Amino acid sequence: MSDPPALALANVSKSFGAVRALREVSLELFAGQTHALAGENGAGKSTLVKTLAGVHRPDSGQVLRGGEPVTFASPADAQRAGVAVIYQEPTLFPDLSVAENIFMGRQPRATLGRIDRGAMRARAGELFARLGVTLDPEQPARGLSIADQQLVEIAKAISRDARVLVMDEPTAALSGNEVARLFSVVEALREDGCAILFISHRLDEIFALCRRVTTLRDGALVATEPVSGLTHDDLIRRMVGRDLGALYPKQDTRPGEVALRVDRLTREGVFTDVSFQVRRGEIVALAGLVGAGRSEVARAVFGIDRWDAGTVTVAGRPLPAGSPTAAMGAGLALVPEDRRQQGLVMELSIERNIGLTGLRSLRRGLTVSRAAERDRARDWALRLRLKYGRLADGVGVLSGGNQQKVVLAKWLATGPSVLIVDEPTRGIDVGTKAEVHRLLSELAGQGIAVLMISSDLPEVLGMADRVLVMHEGRLTAEIPRAEATEESVMAAATGTGRAA
Amino acid sequence: MGRVLRWDVLVGALLVAVFAGGSLATPGFATVSNLSFALGDLGEIALIALAMTLLVVAAEVDLSVASVLGLSSALVGALWDAGLAIETIVPLVVLVGAACGLVNGLLVTRLGLPSLAVTIGTLALYRGLAYVVLGDKAVAQFPPQYTALAVDDVPGTFVPYPVALFVLLAVITGVALHATGFGRSLYAIGAQEQAAFFAGIRVKRIKLLLFVLSGTVAAFAGVVFTLRYGSARADNGLGIELAVIAAVLLGGVDFDGGKGTLGGVIAGVLLIGLLRNLLMLNDVSTEIQSVVTGLLLIVSVLTPRLLALVRSRRPVLKGSS
């Protein structure tokens with residue numbers, strides 16, 4: 001390989017406050033090669049992608065384009081240099097057509113500066129033909145599947161003559177067929193001479209698609225090596241840096257009576273015939289791809305959304321549909337997926353947020369007792385080892401991990417018998433992540449039934465007594481701890497495995 | 001908001017300044033009889049502002065309040081003409097106001113429509129109904145023992161009855177907003193409705209209640225207005241929703257919800273009342289009074305944002321070395 005790399009990072013470091021997101025990381029992407037980037041959540045993958053995309057500027061080190069140092073002051077600079085990033089969830093203009101989205105800001109012109117719609121349509125058609133996919137350029141972007149939206153983004157990138165394509169977890173929300181189609185598109189681009197950086201949590205995809213892999217851990221480069229000499233375990237060891245067992249402290253517990261029973265629960269068009277139960281002292285994981293309907297089931301069980309058919313029973317008592325208040329009364333708690341919108345009121349203080357679930361129990365006479373509210377917050381802050389200045393501080397000043405602890409505190413303070421946690425460790429640092437895992441394990445040990453939704457496979461495998469897997473709105477497998485492996489869970493999640 | 005430069009404190013200071021300035025510059029302003037009149041003149045706006053504060057804190061708004069007041073006034077006139085006793089009329093009319101609020105609330109909570117749009121619609125609708133009920137005639141000749149209730153002072157004080165009622169209701173509203181779970185819920189709903197709903201707060205039920213409350217208070221204010229002027233007309237209280245909202249925003253309640261204190265609103269109401277009174281004493285036309293109300297509204301929305309902008313600039317400048 002005598003040509004210089006199409007795009008490279010040389011000893012790039014980037015810090016955000018005290019957090020060192022990237023430490024002297026180097027990476028070389030060659031034309032006509034697909035390169036994988038692996039690492040756990042928080043390893044620095046996103047920061048690296050954003051550095052390539054011109055969103056972040058390195059504190060030190062260089063970005064090289066064709067061997068020459070370049071400075072990307074903005075995403076527009078990176079685009080002009082031929083770097084395109086395809087994100088997991090594309091952001092198209094929903095009311096514009098596919099063709100209009102592709103040529104946004106660069107529409108072909110006819111006389112008098114009018115937009116030449118015919119030419120635009122034809123050129124969009126050519127692009128899709130080149131990619132070997134069929135999409136109607138006239139169709140509005142609204143209503144396209146995520147897979148199709150990604151293809152529109154890829155077509156947009158090619159229309160700008162992008163020579164470097166960065167794909168940030170493009171398959172996370174795709175079904176098996178869609179992944180296969182995306183792979184053939186990526187192959188076509190590679191043969192065309194594009195340099196491709198491919199990020200995925202699914203190791204199989206890395207092995208199937210990529211020639212070399214770079215692994216990051218805690219912001220530092222672990223290795224860059226050919227994929228051919230590696231096994232799954234090798235790669236996991238590089239990502240995690242220790243054995244999985246030690247990371248996940250799930251205690252063995254003897255499951256008690258059934259705390260939560262969900263029976264043939266259906267919400268039309270979202271999930272169908274979902275049945276499962278969670279016993280006291282058990283951690284049950286709900287795995288599956290993004291969009292499989294896991295969070296939607298949790299939302300329905302907790303009463304956020306209504307369900308159309310089926311029943312939810314808590315400790316033998318049926319729950320009415322569509323009432324979070326009733327669900328709370330029955331002993332349910334939900335730590336939701338979206339901390340900033342659903343978990344916390346960002347404008348309010350730590351103590352007010354923790355108090356929000358206990359407005360009744362904090363009442364003395366007609367009014368809320370501030371002393372009781374503060375005691376409740378202080379007590380739980382201590383138990384969860386929350387790092388904070390004052391309890392009256394806005395919850396927005398806390399780090400992501402500490403914010404998550406406030407959400408946990410807010411719900412644990414209600415004394416739940418069933419705790420549902422949706423992506424409990426997404427976007428939080430490794431240390432806090434371990435604390436959350438220890439906490440969930442302790443809670444199960446105290447006889448709480450825990451239902452954990454997680455897209456983090458090592459977390460699912462390390463924490464769960466049983467793994468339920470959803471695929472396209474249906475429960476496709478129930479796998480006991482002993483039989484749960486990445487392969488068995490992913491097979492069920494992508495719909496290629498055995499039926500439940 | 002900073003620790004020292006709290007908006008509601010600022011408005012309070014401004015109130016003192018306007019009062020001092022008015023006393024010096026306008027003869028006849030700082031007299032017991034004028035202030036008592038000014039307070040009385042403010043009664044309906046003040047009453048409605050209480051309910052409006054709760055709504056705006058919860059990130060909703062009710063623009064139909066002046067029309068409900070007008071409808072209530074028209075109904076008082078029509079029912080009095082029809083020979084009903086005031087004691088029967090008042091509960092009936094207040095009930096109609098509650099129903100008006102219920103319609104607003106149901107449209108907002110059941111159909112998910114924005115309250116701004118819904119209540120602009122019902123602003124026109126309820127005012128139209130007021131004309132249907134009474135046409136453009138006026139009904140006067142209410143017995144003096146009732147009209148006196150709306151203007152006379154509580155014996156031994158210079159506080160008119162409506163103002164005394166306002167003080168009582170303000171205390172109740174203040175406690176409800178700042179010390180009860182209900183109040184905590186309103187702030188949570190206004191700041192982040194989803195998170196409030198996820199925390200088991202009955203968001204829709206609470207909002208419905210607020211709209212019913214707003215309609216009820218507006219209708220009652222219509223009764224007070226009618227008796228105070230001794231005249232029931234369909235166009236009574238035309239446009240006072242703007243003064244109410246100006247007072248609430250001036251008091252430091254964020255139009256986007258989740259922020260503000262009742263103390264600030266009361267300062268805002270008084271400030272608007274004093275300004276209107278000063279303008280009146282100086283023979284400024286009602287058109288100019290309306291210009292002042294409009295300007296106050298804009299200033300009160302703009303200033304906190306400008307302040308926030310100035311504050312956020314500083315660390316940015318420091319950080320981007």
Side-chain angles (χ1 to χ4, degrees), chain A residues 16-17 57 298-299 302-305 322-330 332-349 351-370 373 392 394-396 406-407 410-411 413-414 416 420 422, chain B residues 1-3 6 56-59 109-110 112 171-207 209 252-262 304 308 311-312 315-316 318-321:
Chain A
F16 300 100
R57 290 177 65 178
R299 287 169 63 109
F302 191 67
I304 300 293
D305 302 326
S323 169
T325 319
M328 279 172 72
L332 243 57
L334 171 66
V335 173
E337 185 180 16
D338 184 339
R339 197 157 53 225
R340 303 180 67 85
Q341 307 276 327
Q342 303 167 342
L344 295 170
V345 182
M346 298 306 285
E347 282 90 340
L348 294 185
S349 64
E351 55 191 355
R352 289 282 161 98
N353 268 291
I354 295 177
L356 210 54
T357 50
L359 292 175
R360 266 160 216 267
S361 60
L362 294 173
R363 207 161 58 187
R364 304 286 177 269
L366 277 174
T367 60
V368 169
S369 159
R370 287 187 188 214
E373 187 179 52
V395 77
V406 174
V407 185
K410 161 182 167 178
W411 284 109
T414 64
I420 306 175
D422 194 350
Chain B
M1 289 282 121
R3 252 156 275 163
R6 274 185 39 175
V56 180
V57 164
T109 59
R110 300 296 135 172
V171 170
I172 294 172
T173 311
V175 170
L177 182 61
H178 293 298
T180 67
F182 171 73
R184 296 285 161 91
S185 305
L186 295 188
Y187 284 101
I189 292 171
Q192 187 51 267
E193 185 175 328
Q194 252 194 86
F197 184 56
F198 271 77
I201 291 169
R202 297 174 198 263
V203 174
K204 288 185 176 176
R205 188 179 296 190
I206 288 176
K207 283 189 173 177
L209 176 72
V253 180
D254 192 321
F255 196 65
D256 294 332
K259 288 198 197 76
T261 61
L262 193 70
R311 284 206 187 89
S312 67
V316 168
K318 254 185 239 161
S320 64
S321 50

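Values in this document were obtained by computation on a predicted structure and should not be read as measured data. All chains are named by letter (A, B, ...) in the order of the sequence lines, taking the proteins before the strands, and each is independently numbered beginning at 1.
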Looking at every non-hydrogen atom in both residues, tell me the closest pair between Ala188(B) and Val345(A) and how far apart they are. CB-CG2, 4.1 Å
Quick check: closest heavy atoms across Phe302(A) and Phe198(B), and the distance to 0.1 Å? CE2-O, 3.4 Å
Looking only at heavy atoms, the pair that brings Gln341(A) and Gln194(B) closest together is O-CB, 3.4 Å
Tell me whether Leu366(A) at atom CG has more than 12 heavy atoms from other residues, nucleotides or ligands lying less than 6.0 Å away. no
Check whether any side-chain heavy atom of Gln192(B) sits under 4.5 Å from a side-chain heavy atom of Met346(A), and report yes or no. no
Less than 4.5 Å to any heavy atom of chain B: does that hold for the side chain of Arg352(A), its backbone, both, or neither? side chain
Search all heavy atoms of Ala199(B) against all heavy atoms of Met328(A) and return the closest pair with its distance. O-SD, 3.3 Å
Report which part of Leu334(A) has an atom under 4.5 Å of a heavy atom belonging to chain B: side chain, backbone, both, or neither. side chain
Output the option from Asp338(A), Thr357(A), Thr367(A) having the highest count of non-hydrogen pairs under 4.5 Å with chain B. Thr367(A)
Relative to chain B, which of Arg340(A), Lys410(A), Glu373(A) shows the most heavy atom pairs under 4.5 Å? Glu373(A)
Side-chain (Thr325(A)) to main-chain (Gly200(B)) donor-acceptor, under 3.5 angstrom: yes
Distance in Å, Lys259(B) NZ paired with Leu348(A) CG, rounded so as to fall on 0.5 Å steps: 10.0 Å
